Amino acid sequence: MFCAISGEPPQEPVVSAKSGNVYEKRLIVKYINENGTDPITGDKLEESDLIAIKASPGTAAPRPPTHTSIPALLHLLQNEWDALVLGTHALEQKYNATRQELSYALYSQDAASRVVARLLRERDAAREALANVQATMGIAPSTSTSAEDVEMADSGNSEAGLPANITAQIDDTHQTLSAARKKRKPPQGYVNVTEVKTFVATHTVPSLHSASPVGITSLAVSRANPSQFLTGGNDKVVQLYDRSTDKILASLKGHTKRVNHVALREHEGHNTLLLSAGADKIAKVWAHETASGEYIPKNTVRTHKGELTGLAVHPTSTIFALSSTDKSYSLHDLTNFSQIFRSAPSDEAFTSLAIHPDGTLLALGTPTSTIQIYDVRTGAIAASLTPTDMSPFTVNTLAFSENGYHLLAPNSLSSVAIWDLRKQKATHTISLGDDFKINKVSYDTSAQFFGVAGSHGARIFAHKTWEELVRLDEGGEVSDFAFGENGKEIWGATGREVRIWGLPAS
(Lines give C-alpha, C1' and ligand atoms only; values in the text may rest on other atoms or scores of the structure.)
Protein backbone atom coordinates (compact mmCIF):
# COMPACT_ATOMS: atom_id res chain seq x y z
CA MET A 1 0.00 0.00 0.00
CA PHE A 2 1.08 3.55 -0.69
CA CYS A 3 -0.22 6.86 0.56
CA ALA A 4 -2.06 8.78 -2.19
CA ILE A 5 -0.48 12.01 -0.92
CA SER A 6 3.15 11.12 -0.13
CA GLY A 7 3.51 8.06 -2.34
CA GLU A 8 5.20 6.16 0.52
CA PRO A 9 4.04 3.15 2.60
CA PRO A 10 1.86 4.56 5.38
CA GLN A 11 2.77 3.93 9.00
CA GLU A 12 -0.87 4.32 10.07
CA PRO A 13 -2.93 3.58 6.95
CA VAL A 14 -6.52 4.72 6.59
CA VAL A 15 -8.90 4.50 3.66
CA SER A 16 -11.51 7.03 2.59
CA ALA A 17 -15.01 5.57 2.71
CA LYS A 18 -16.02 7.91 -0.15
CA SER A 19 -13.13 7.67 -2.62
CA GLY A 20 -11.45 4.44 -1.56
CA ASN A 21 -8.01 6.08 -1.58
CA VAL A 22 -5.41 5.06 1.01
CA TYR A 23 -3.67 7.77 3.06
CA GLU A 24 -1.21 8.20 5.87
CA LYS A 25 -3.54 9.14 8.74
CA ARG A 26 -1.56 12.10 10.01
CA LEU A 27 -1.35 13.58 6.49
CA ILE A 28 -5.00 13.18 5.62
CA VAL A 29 -6.13 14.48 9.02
CA LYS A 30 -4.05 17.63 8.55
CA TYR A 31 -5.45 18.09 5.03
CA ILE A 32 -9.04 17.63 6.28
CA ASN A 33 -8.54 20.12 9.08
CA GLU A 34 -7.22 22.71 6.58
CA ASN A 35 -9.46 22.08 3.56
CA GLY A 36 -12.30 19.74 4.52
CA THR A 37 -12.09 17.89 1.19
CA ASP A 38 -10.56 14.78 -0.33
CA PRO A 39 -7.16 15.86 -1.81
CA ILE A 40 -7.61 13.58 -4.84
CA THR A 41 -11.28 13.90 -5.82
CA GLY A 42 -12.04 17.28 -4.20
CA ASP A 43 -15.23 15.87 -2.60
CA LYS A 44 -16.21 16.86 0.94
CA LEU A 45 -14.44 14.63 3.48
CA GLU A 46 -14.55 14.43 7.27
CA GLU A 47 -12.33 12.56 9.72
CA SER A 48 -15.21 10.25 10.52
CA ASP A 49 -15.16 9.09 6.89
CA LEU A 50 -11.72 7.57 7.39
CA ILE A 51 -11.48 3.84 8.17
CA ALA A 52 -8.33 2.46 9.76
CA ILE A 53 -6.66 -0.41 7.96
CA LYS A 54 -5.33 -3.22 10.13
CA ALA A 55 -2.04 -4.04 8.53
CA SER A 56 0.30 -6.83 9.51
CA PRO A 57 3.19 -5.59 11.73
CA GLY A 58 5.60 -7.22 9.29
CA THR A 59 4.45 -5.00 6.40
CA ALA A 60 4.58 -1.66 8.19
CA ALA A 61 7.65 0.30 9.31
CA PRO A 62 8.06 0.55 13.13
CA ARG A 63 6.99 3.80 14.66
CA PRO A 64 9.92 5.98 15.77
CA PRO A 65 10.46 6.62 19.49
CA THR A 66 8.88 9.75 20.79
CA HIS A 67 10.47 10.38 24.21
CA THR A 68 14.10 11.31 23.34
CA SER A 69 15.50 14.56 21.98
CA ILE A 70 16.75 13.10 18.70
CA PRO A 71 13.46 11.33 17.94
CA ALA A 72 11.66 14.56 18.84
CA LEU A 73 13.81 16.38 16.28
CA LEU A 74 13.11 13.70 13.75
CA HIS A 75 9.40 14.09 14.48
CA LEU A 76 9.70 17.84 13.84
CA LEU A 77 11.45 17.18 10.54
CA GLN A 78 8.74 14.67 9.70
CA ASN A 79 6.08 17.33 10.26
CA GLU A 80 7.97 19.73 7.97
CA TRP A 81 8.24 17.04 5.32
CA ASP A 82 4.52 16.35 5.63
CA ALA A 83 3.78 20.05 5.10
CA LEU A 84 6.09 20.12 2.06
CA VAL A 85 4.40 17.07 0.54
CA LEU A 86 0.95 18.59 1.08
CA GLY A 87 2.09 21.90 -0.48
CA THR A 88 3.63 20.15 -3.48
CA HIS A 89 0.44 18.18 -4.02
CA ALA A 90 -1.63 21.38 -3.91
CA LEU A 91 0.70 23.07 -6.43
CA GLU A 92 0.40 20.12 -8.82
CA GLN A 93 -3.38 20.35 -8.64
CA LYS A 94 -3.32 24.10 -9.33
CA TYR A 95 -0.83 23.59 -12.19
CA ASN A 96 -3.07 21.02 -13.85
CA ALA A 97 -6.12 23.26 -13.42
CA THR A 98 -4.27 26.27 -14.89
CA ARG A 99 -3.02 24.20 -17.80
CA GLN A 100 -6.55 23.09 -18.58
CA GLU A 101 -7.86 26.66 -18.39
CA LEU A 102 -5.12 27.83 -20.78
CA SER A 103 -6.04 25.09 -23.23
CA TYR A 104 -9.68 26.20 -23.15
CA ALA A 105 -8.66 29.87 -23.62
CA LEU A 106 -6.45 29.08 -26.63
CA TYR A 107 -9.22 27.04 -28.24
CA SER A 108 -11.70 29.87 -27.70
CA GLN A 109 -9.30 32.44 -29.16
CA ASP A 110 -8.69 30.33 -32.26
CA ALA A 111 -12.42 29.84 -32.76
CA ALA A 112 -13.02 33.59 -32.37
CA SER A 113 -10.29 34.37 -34.95
CA ARG A 114 -11.91 32.03 -37.45
CA VAL A 115 -15.29 33.67 -36.91
CA VAL A 116 -13.83 37.16 -37.38
CA ALA A 117 -12.04 36.10 -40.58
CA ARG A 118 -15.27 34.63 -41.96
CA LEU A 119 -17.20 37.79 -41.08
CA LEU A 120 -14.58 39.96 -42.81
CA ARG A 121 -14.85 37.86 -45.97
CA GLU A 122 -18.63 38.10 -45.89
CA ARG A 123 -18.41 41.87 -45.34
CA ASP A 124 -16.08 42.34 -48.32
CA ALA A 125 -18.30 40.19 -50.51
CA ALA A 126 -21.35 42.18 -49.43
CA ARG A 127 -19.58 45.48 -50.18
CA GLU A 128 -18.62 44.30 -53.64
CA ALA A 129 -22.15 43.08 -54.35
CA LEU A 130 -23.58 46.41 -53.14
CA ALA A 131 -21.13 48.35 -55.30
CA ASN A 132 -22.12 46.29 -58.35
CA VAL A 133 -25.80 46.92 -57.69
CA GLN A 134 -25.16 50.64 -57.23
CA ALA A 135 -23.15 50.79 -60.44
CA THR A 136 -26.00 49.03 -62.26
CA MET A 137 -28.53 51.54 -60.92
CA GLY A 138 -26.25 54.52 -61.55
CA ILE A 139 -25.90 55.33 -57.86
CA ALA A 140 -22.56 56.53 -56.52
CA PRO A 141 -21.08 54.16 -53.93
CA SER A 142 -20.99 55.63 -50.43
CA THR A 143 -17.50 56.47 -49.18
CA SER A 144 -15.82 57.26 -45.90
CA THR A 145 -13.91 60.54 -45.85
CA SER A 146 -11.40 59.12 -43.43
CA ALA A 147 -10.54 56.02 -45.46
CA GLU A 148 -7.29 55.88 -47.38
CA ASP A 149 -8.69 53.71 -50.18
CA VAL A 150 -11.70 55.63 -51.49
CA GLU A 151 -14.33 54.52 -53.97
CA MET A 152 -14.43 56.69 -57.07
CA ALA A 153 -17.77 58.45 -57.37
CA ASP A 154 -19.79 58.06 -60.56
CA SER A 155 -20.30 61.75 -61.13
CA GLY A 156 -19.71 61.87 -64.86
CA ASN A 157 -22.46 62.69 -67.35
CA SER A 158 -22.42 60.55 -70.48
CA GLU A 159 -24.45 63.14 -72.43
CA ALA A 160 -22.88 66.47 -71.45
CA GLY A 161 -19.23 65.63 -72.15
CA LEU A 162 -16.33 66.74 -70.00
CA PRO A 163 -16.42 69.62 -67.49
CA ALA A 164 -15.20 72.93 -68.94
CA ASN A 165 -12.05 73.07 -66.82
CA ILE A 166 -11.02 69.56 -67.89
CA THR A 167 -11.67 70.39 -71.56
CA ALA A 168 -9.53 73.54 -71.24
CA GLN A 169 -6.76 71.50 -69.66
CA ILE A 170 -6.86 68.97 -72.52
CA ASP A 171 -6.85 71.76 -75.13
CA ASP A 172 -3.84 73.41 -73.50
CA THR A 173 -1.97 70.09 -73.40
CA HIS A 174 -2.89 69.40 -77.04
CA GLN A 175 -1.56 72.76 -78.21
CA THR A 176 1.66 72.41 -76.27
CA LEU A 177 2.39 68.84 -77.35
CA SER A 178 1.35 69.19 -80.98
CA ALA A 179 3.53 72.29 -81.41
CA ALA A 180 6.53 70.56 -79.86
CA ARG A 181 5.91 67.34 -81.80
CA LYS A 182 6.33 69.03 -85.19
CA LYS A 183 9.85 70.12 -84.23
CA ARG A 184 10.75 67.01 -82.27
CA LYS A 185 13.68 64.88 -83.37
CA PRO A 186 15.13 61.77 -81.74
CA PRO A 187 17.40 62.85 -78.88
CA GLN A 188 21.14 62.50 -79.17
CA GLY A 189 22.22 58.97 -78.37
CA TYR A 190 18.90 57.43 -79.42
CA VAL A 191 19.20 53.93 -80.85
CA ASN A 192 19.36 53.58 -84.66
CA VAL A 193 18.32 50.87 -87.10
CA THR A 194 21.78 49.32 -87.28
CA GLU A 195 21.97 48.99 -83.50
CA VAL A 196 18.48 47.49 -83.18
CA LYS A 197 19.49 44.73 -85.60
CA THR A 198 22.19 43.64 -83.14
CA PHE A 199 19.90 43.37 -80.08
CA VAL A 200 20.45 40.27 -77.94
CA ALA A 201 19.10 39.09 -74.59
CA THR A 202 21.10 40.90 -71.90
CA HIS A 203 19.26 40.29 -68.64
CA THR A 204 16.47 38.17 -67.16
CA VAL A 205 14.47 38.82 -63.99
CA PRO A 206 13.11 35.37 -62.97
CA SER A 207 10.42 34.05 -60.64
CA LEU A 208 8.08 37.04 -60.55
CA HIS A 209 4.54 36.56 -59.24
CA SER A 210 3.12 33.21 -58.10
CA ALA A 211 3.77 29.87 -59.73
CA SER A 212 0.05 29.13 -59.73
CA PRO A 213 -1.69 30.54 -61.64
CA VAL A 214 1.46 31.31 -63.59
CA GLY A 215 2.02 34.20 -65.95
CA ILE A 216 2.69 37.94 -66.20
CA THR A 217 -0.14 39.58 -68.12
CA SER A 218 0.98 43.21 -68.33
CA LEU A 219 4.15 45.30 -68.11
CA ALA A 220 5.00 49.01 -67.76
CA VAL A 221 8.51 50.50 -67.54
CA SER A 222 9.19 53.65 -65.53
CA ARG A 223 10.54 56.67 -67.42
CA ALA A 224 11.47 58.55 -64.25
CA ASN A 225 13.43 55.56 -62.89
CA PRO A 226 14.43 53.46 -65.92
CA SER A 227 15.51 50.51 -63.78
CA GLN A 228 12.03 50.09 -62.29
CA PHE A 229 9.10 48.31 -63.91
CA LEU A 230 5.53 47.41 -62.97
CA THR A 231 3.87 44.06 -63.70
CA GLY A 232 0.42 42.54 -63.29
CA GLY A 233 -0.21 38.82 -63.19
CA ASN A 234 -2.68 35.98 -63.34
CA ASP A 235 -2.15 35.68 -59.57
CA LYS A 236 -4.19 38.93 -59.05
CA VAL A 237 -1.10 40.79 -57.77
CA VAL A 238 0.64 43.98 -58.96
CA GLN A 239 4.42 44.11 -58.41
CA LEU A 240 6.90 46.99 -58.64
CA TYR A 241 10.46 45.77 -59.20
CA ASP A 242 13.84 47.51 -59.23
CA ARG A 243 16.28 45.88 -61.63
CA SER A 244 19.29 47.76 -60.23
CA THR A 245 18.85 46.21 -56.78
CA ASP A 246 17.03 43.04 -57.87
CA LYS A 247 14.35 43.67 -55.25
CA ILE A 248 10.57 43.80 -55.25
CA LEU A 249 9.72 47.31 -54.07
CA ALA A 250 5.99 46.66 -53.67
CA SER A 251 3.65 43.69 -53.96
CA LEU A 252 0.12 45.06 -54.11
CA LYS A 253 -3.03 43.02 -53.59
CA GLY A 254 -6.64 44.02 -54.06
CA HIS A 255 -7.87 42.36 -57.24
CA THR A 256 -9.95 39.18 -57.11
CA LYS A 257 -9.18 38.07 -60.69
CA ARG A 258 -6.24 38.44 -63.05
CA VAL A 259 -4.74 41.88 -63.65
CA ASN A 260 -5.20 42.81 -67.33
CA HIS A 261 -3.34 46.15 -67.49
CA VAL A 262 -0.91 48.22 -65.43
CA ALA A 263 0.39 51.79 -65.84
CA LEU A 264 2.49 54.39 -64.04
CA ARG A 265 1.58 58.05 -63.59
CA GLU A 266 4.88 59.91 -63.32
CA HIS A 267 4.65 63.69 -63.33
CA GLU A 268 7.21 66.17 -62.04
CA GLY A 269 6.13 67.66 -58.75
CA HIS A 270 3.59 64.92 -58.04
CA ASN A 271 3.72 61.57 -56.29
CA THR A 272 4.15 58.52 -58.48
CA LEU A 273 0.89 56.60 -58.91
CA LEU A 274 0.55 52.93 -59.81
CA LEU A 275 -2.61 51.97 -61.70
CA SER A 276 -4.11 48.59 -62.52
CA ALA A 277 -7.24 47.25 -64.22
CA GLY A 278 -8.48 43.70 -63.87
CA ALA A 279 -10.85 41.04 -65.05
CA ASP A 280 -12.76 41.61 -61.78
CA LYS A 281 -14.30 44.81 -63.26
CA ILE A 282 -12.36 47.15 -60.98
CA ALA A 283 -9.38 49.48 -61.34
CA LYS A 284 -7.11 50.44 -58.46
CA VAL A 285 -4.72 53.32 -57.81
CA TRP A 286 -1.81 53.21 -55.36
CA ALA A 287 0.16 56.28 -54.30
CA HIS A 288 3.73 56.53 -53.05
CA GLU A 289 3.88 57.74 -49.46
CA THR A 290 7.07 59.69 -48.82
CA ALA A 291 7.07 59.18 -45.05
CA SER A 292 6.92 55.38 -45.11
CA GLY A 293 8.37 54.85 -48.58
CA GLU A 294 5.53 52.45 -49.35
CA TYR A 295 2.66 52.42 -51.83
CA ILE A 296 -0.76 52.71 -50.20
CA PRO A 297 -4.19 52.23 -51.83
CA LYS A 298 -5.81 55.54 -52.70
CA ASN A 299 -8.69 54.69 -54.99
CA THR A 300 -10.85 51.84 -56.26
CA VAL A 301 -12.99 52.31 -59.38
CA ARG A 302 -16.11 50.16 -59.60
CA THR A 303 -17.85 52.04 -62.40
CA HIS A 304 -17.99 49.29 -65.00
CA LYS A 305 -20.12 46.16 -65.06
CA GLY A 306 -17.84 44.18 -67.34
CA GLU A 307 -14.21 43.10 -67.46
CA LEU A 308 -11.77 45.99 -67.90
CA THR A 309 -9.92 45.66 -71.21
CA GLY A 310 -7.97 48.91 -71.42
CA LEU A 311 -6.10 51.35 -69.16
CA ALA A 312 -4.14 54.45 -70.18
CA VAL A 313 -2.88 57.62 -68.52
CA HIS A 314 -3.75 60.80 -70.44
CA PRO A 315 -0.89 63.12 -71.54
CA THR A 316 -2.13 65.69 -69.00
CA SER A 317 -1.05 63.21 -66.28
CA THR A 318 -4.18 64.15 -64.31
CA ILE A 319 -6.65 61.86 -66.11
CA PHE A 320 -6.78 58.15 -66.86
CA ALA A 321 -9.10 56.20 -69.11
CA LEU A 322 -10.70 52.76 -68.83
CA SER A 323 -12.47 50.57 -71.38
CA SER A 324 -14.74 47.64 -70.62
CA THR A 325 -16.69 44.79 -72.16
CA ASP A 326 -19.83 46.52 -70.83
CA LYS A 327 -19.72 48.60 -74.06
CA SER A 328 -18.54 51.82 -72.41
CA TYR A 329 -15.40 53.71 -71.53
CA SER A 330 -14.79 56.19 -68.73
CA LEU A 331 -12.43 59.01 -67.74
CA HIS A 332 -11.29 59.65 -64.16
CA ASP A 333 -9.56 62.54 -62.43
CA LEU A 334 -6.36 61.63 -60.59
CA THR A 335 -6.34 64.84 -58.53
CA ASN A 336 -9.57 64.20 -56.61
CA PHE A 337 -10.32 60.60 -57.64
CA SER A 338 -13.68 61.35 -59.23
CA GLN A 339 -15.23 60.09 -62.42
CA ILE A 340 -15.52 62.92 -64.94
CA PHE A 341 -17.05 61.08 -67.88
CA ARG A 342 -18.64 57.80 -68.83
CA SER A 343 -19.73 57.10 -72.39
CA ALA A 344 -23.20 56.05 -73.38
CA PRO A 345 -23.44 52.30 -74.13
CA SER A 346 -22.07 51.43 -77.56
CA ASP A 347 -23.34 48.77 -79.91
CA GLU A 348 -20.25 46.66 -79.27
CA ALA A 349 -18.03 45.77 -76.35
CA PHE A 350 -14.65 47.49 -76.10
CA THR A 351 -11.64 45.17 -76.08
CA SER A 352 -8.65 47.57 -76.10
CA LEU A 353 -7.81 51.24 -75.60
CA ALA A 354 -5.15 53.78 -76.59
CA ILE A 355 -4.87 57.57 -76.17
CA HIS A 356 -3.45 59.83 -78.88
CA PRO A 357 -0.11 61.42 -77.85
CA ASP A 358 -1.70 64.89 -78.10
CA GLY A 359 -4.55 63.86 -75.81
CA THR A 360 -7.60 64.70 -77.96
CA LEU A 361 -8.42 61.28 -79.43
CA LEU A 362 -9.23 57.93 -77.87
CA ALA A 363 -9.05 54.67 -79.90
CA LEU A 364 -11.10 51.66 -78.84
CA GLY A 365 -10.95 48.14 -80.28
CA THR A 366 -14.00 45.87 -80.63
CA PRO A 367 -14.66 42.12 -81.07
CA THR A 368 -15.84 42.70 -84.67
CA SER A 369 -12.58 44.03 -86.19
CA THR A 370 -13.72 47.66 -86.00
CA ILE A 371 -11.71 50.43 -84.33
CA GLN A 372 -13.74 53.34 -82.96
CA ILE A 373 -11.97 56.66 -82.51
CA TYR A 374 -13.62 59.15 -80.15
CA ASP A 375 -13.04 62.81 -79.41
CA VAL A 376 -12.02 62.84 -75.75
CA ARG A 377 -13.52 66.29 -75.14
CA THR A 378 -17.02 65.66 -76.51
CA GLY A 379 -17.36 61.87 -76.42
CA ALA A 380 -18.40 61.89 -80.09
CA ILE A 381 -17.10 59.38 -82.64
CA ALA A 382 -14.44 61.02 -84.80
CA ALA A 383 -13.71 58.04 -87.07
CA SER A 384 -14.42 54.35 -87.54
CA LEU A 385 -11.74 52.06 -89.03
CA THR A 386 -12.63 48.60 -90.37
CA PRO A 387 -10.31 46.26 -92.31
CA THR A 388 -11.64 45.15 -95.67
CA ASP A 389 -12.13 41.54 -96.74
CA MET A 390 -11.28 40.14 -93.32
CA SER A 391 -13.03 37.58 -91.15
CA PRO A 392 -14.18 39.16 -87.87
CA PHE A 393 -11.57 39.13 -85.12
CA THR A 394 -11.01 40.85 -81.77
CA VAL A 395 -8.88 43.99 -81.76
CA ASN A 396 -7.10 43.28 -78.47
CA THR A 397 -4.33 45.91 -78.66
CA LEU A 398 -3.77 49.38 -80.15
CA ALA A 399 -0.92 51.91 -80.31
CA PHE A 400 -0.63 55.47 -81.66
CA SER A 401 2.68 56.56 -83.17
CA GLU A 402 4.48 59.33 -81.30
CA ASN A 403 4.04 61.73 -84.23
CA GLY A 404 0.28 61.20 -84.00
CA TYR A 405 -0.23 60.39 -87.68
CA HIS A 406 -0.48 56.60 -87.50
CA LEU A 407 -2.30 53.92 -85.54
CA LEU A 408 -0.92 50.39 -85.19
CA ALA A 409 -3.48 47.62 -84.72
CA PRO A 410 -4.07 43.95 -85.56
CA ASN A 411 -5.45 43.41 -89.04
CA SER A 412 -6.30 39.79 -88.30
CA LEU A 413 -5.31 37.22 -85.69
CA SER A 414 -1.80 37.04 -87.20
CA SER A 415 -1.19 40.32 -89.07
CA VAL A 416 -0.96 44.01 -88.22
CA ALA A 417 -1.95 47.14 -90.13
CA ILE A 418 -0.57 50.66 -89.98
CA TRP A 419 -3.49 53.10 -90.32
CA ASP A 420 -2.92 56.64 -91.62
CA LEU A 421 -5.27 58.75 -89.52
CA ARG A 422 -5.17 61.61 -92.01
CA LYS A 423 -6.56 59.38 -94.78
CA GLN A 424 -8.39 56.97 -92.46
CA LYS A 425 -7.11 53.91 -94.31
CA ALA A 426 -4.51 51.21 -93.82
CA THR A 427 -1.30 52.15 -95.63
CA HIS A 428 0.56 48.92 -94.97
CA THR A 429 -0.09 45.41 -93.67
CA ILE A 430 2.48 43.02 -92.21
CA SER A 431 1.77 39.29 -91.99
CA LEU A 432 3.41 37.47 -89.07
CA GLY A 433 2.58 33.89 -90.00
CA ASP A 434 -0.57 31.83 -89.60
CA ASP A 435 0.56 30.37 -86.26
CA PHE A 436 1.42 33.76 -84.71
CA LYS A 437 -1.15 35.08 -82.23
CA ILE A 438 -0.84 38.81 -81.47
CA ASN A 439 -0.79 39.90 -77.81
CA LYS A 440 0.56 43.46 -77.91
CA VAL A 441 1.62 46.20 -80.35
CA SER A 442 3.60 49.31 -79.44
CA TYR A 443 5.55 52.24 -80.92
CA ASP A 444 8.76 53.62 -79.49
CA THR A 445 8.88 57.27 -78.36
CA SER A 446 10.65 58.43 -81.53
CA ALA A 447 8.14 56.85 -83.97
CA GLN A 448 11.07 55.22 -85.80
CA PHE A 449 10.28 51.69 -84.64
CA PHE A 450 7.33 49.59 -83.62
CA GLY A 451 7.01 46.09 -82.21
CA VAL A 452 4.59 43.21 -82.16
CA ALA A 453 4.55 40.65 -79.33
CA GLY A 454 2.76 37.34 -79.47
CA SER A 455 2.82 33.58 -79.21
CA HIS A 456 6.26 33.25 -80.82
CA GLY A 457 8.15 36.06 -79.13
CA ALA A 458 8.43 39.67 -80.28
CA ARG A 459 9.43 41.28 -83.57
CA ILE A 460 10.72 44.82 -84.12
CA PHE A 461 10.12 46.70 -87.36
CA ALA A 462 11.31 49.98 -88.87
CA HIS A 463 8.55 52.51 -89.44
CA LYS A 464 8.02 53.64 -93.06
CA THR A 465 10.39 51.03 -94.57
CA TRP A 466 8.51 48.20 -92.73
CA GLU A 467 11.74 46.19 -92.54
CA GLU A 468 11.85 43.52 -89.88
CA LEU A 469 14.90 44.38 -87.80
CA VAL A 470 15.12 41.70 -85.15
CA ARG A 471 13.24 38.76 -83.65
CA LEU A 472 13.20 38.33 -79.88
CA ASP A 473 12.07 34.76 -79.28
CA GLU A 474 14.38 33.35 -76.58
CA GLY A 475 11.66 33.14 -73.94
CA GLY A 476 8.80 31.90 -76.10
CA GLU A 477 5.48 33.73 -75.91
CA VAL A 478 5.65 37.42 -74.97
CA SER A 479 2.45 38.67 -73.31
CA ASP A 480 3.49 42.34 -73.12
CA PHE A 481 6.52 44.47 -73.93
CA ALA A 482 7.82 48.05 -73.79
CA PHE A 483 10.66 50.11 -75.24
CA GLY A 484 13.24 51.27 -72.70
CA GLU A 485 15.14 54.53 -72.29
CA ASN A 486 16.36 55.98 -75.61
CA GLY A 487 15.10 52.83 -77.31
CA LYS A 488 18.27 51.01 -76.28
CA GLU A 489 16.41 48.26 -74.46
CA ILE A 490 13.26 46.27 -75.04
CA TRP A 491 11.52 44.76 -72.02
CA GLY A 492 9.25 41.75 -72.48
CA ALA A 493 7.12 39.58 -70.18
CA THR A 494 7.56 35.85 -70.81
CA GLY A 495 5.82 33.53 -68.36
CA ARG A 496 7.02 34.51 -64.87
CA GLU A 497 10.10 36.29 -66.25
CA VAL A 498 10.86 39.75 -67.56
CA ARG A 499 13.50 39.60 -70.27
CA ILE A 500 15.56 42.56 -71.45
CA TRP A 501 17.07 42.78 -74.90
CA GLY A 502 19.65 45.40 -75.87
CA LEU A 503 23.01 46.05 -77.42
CA PRO A 504 25.56 43.26 -76.99
CA ALA A 505 28.34 43.82 -74.49
CA SER A 506 31.33 45.39 -76.12
Side-chain angles (χ1 to χ4, degrees), residues 173-200 202-203 219-230 243 263-268 312-317 354-361 363 397-409 416-423 426-428 430 438 440-453 457-472 478 480-492 499-504:
T173 301
H174 165 67
Q175 292 175 6
T176 302
L177 294 178
S178 61
R181 174 167 47 81
K182 295 176 181 179
K183 304 176 183 178
R184 185 183 306 165
K185 294 182 180 180
Q188 187 176 2
Y190 202 90
V191 71
N192 56 46
V193 170
T194 303
E195 291 174 327
V196 172
K197 289 181 178 180
T198 66
F199 274 16
V200 295
T202 59
H203 188 75
L219 170 70
V221 179
S222 171
R223 293 190 180 184
N225 299 288
S227 66
Q228 295 181 8
F229 61 91
L230 187 67
R243 170 194 171 189
L264 296 105
R265 196 292 298 271
E266 297 172 311
H267 190 56
E268 187 176 356
V313 177
H314 192 271
T316 59
S317 297
I355 297 179
H356 192 275
D358 291 344
T360 56
L361 298 177
T397 177
L398 296 164
F400 284 100
S401 66
E402 187 65 22
N403 60 22
Y405 297 143
H406 298 93
L407 176 67
L408 179 64
V416 294
I418 297 87
W419 293 86
D420 190 324
L421 298 177
R422 296 163 293 185
K423 301 176 182 178
T427 59
H428 192 76
I430 299 175
I438 299 171
K440 179 69 179 289
V441 297
S442 180
Y443 270 98
D444 77 317
T445 57
S446 71
Q448 297 182 94
F449 313 103
F450 64 87
V452 183
R459 302 179 188 181
I460 308 302
F461 298 86
H463 187 61
K464 294 185 179 180
T465 66
W466 320 123
E467 178 188 2
E468 181 178 318
L469 304 178
V470 65
R471 292 193 178 190
L472 313 172
V478 176
D480 199 353
F481 79 104
F483 287 91
E485 186 179 19
N486 286 332
K488 291 188 176 181
E489 289 183 331
I490 296 173
W491 303 57
R499 291 178 179 266
I500 303 171
W501 292 271
L503 295 171

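Quick note: numbers below take in every heavy atom, side chains included, and nothing from hydrogens, waters or symmetry partners. From a predicted model like this one, the values you see are computed outputs, not experimental measurements.
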Locate the shortest heavy-atom distance separating [X] from [Y]; write the atom from each residue and the value.
X      : Y      : answer
Val313 : Ser317 : CG1-CA, 4.2 Å
Val191 : Lys488 : CB-CG, 4.1 Å
Arg223 : Glu266 : N-OE1, 3.0 Å
Ala220 : Ala263 : CB-CA, 4.2 Å

> Partners of Pro226 by side-chain contact (heavy atoms from CB on, under 4.5 Å), sequence neighbours excluded?
Replying inline: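 Pro226 satisfies side-chain contact (heavy atoms from CB on, under 4.5 Å) with Glu485 once adjacent residues are dropped.
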>> Applying side-chain contact (heavy atoms from CB on, under 4.5 Å), can you list everything that pairs with Ser442, at least two apart in sequence or on another chain?
In response: Phe481, Phe483
Got a second to check how far [X]'s [atom1] is from [Y]'s [atom2], nearest 0.5 Å?
X      : Y      : atom1 : atom2 : result
Ile500 : Ile490 : CD1   : CD1   : 11.5 Å
Leu503 : Phe199 : CG    : CZ    : 5.0 Å
His428 : Asp420 : NE2   : CG    : 13.5 Å

Residues two or more places apart in sequence or in another chain: which of them pass salt bridge (charged side-chain N to carboxylate O under 4.0 Å, His left out) with [X]?
X      : value
Asp444 : none
Arg265 : none
Glu467 : Lys197
Glu468 : Arg471

Heavy-atom donor-acceptor pair, [X] side chain to [Y] backbone, under 3.5 Å:
X      : Y      : result
Ser222 : Gln228 : no
Asn192 : Thr194 : yes
Asp480 : Leu219 : yes
Thr397 : Val441 : yes

Minimum side-chain heavy-atom gap [X]-[Y] below 4.5 Å:
X      : Y      : value
Val478 : Leu472 : no
Ile355 : Pro315 : yes
Trp466 : Ile418 : yes
Asn403 : Tyr443 : no

Not counting sequence neighbours, which residues clear ring-ring contact (aromatic ring centres under 6.0 Å, His included) with [X]? List them please.
X      : value
His314 : none
His203 : none
Phe461 : Phe450
Trp491 : Phe229

>> Please enumerate all residues that pass side-chain hydrogen bond (donor to acceptor under 3.5 Å, both in side chains) together with Trp419, with sequence neighbours excluded.
In response: none
> So which pairs with a foot in residues 187-196 pass salt bridge (charged side-chain N to carboxylate O under 4.0 Å, His left out), sequence neighbours left out?
Replying inline: none
> Do the ring planes of Phe449 and Tyr190 sit parallel (below 30°), tilted (30 to 60°) or perpendicular (above 60°)?
Replying inline: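 Rings of Phe449 and Tyr190: parallel, as their planes differ by under 30°.
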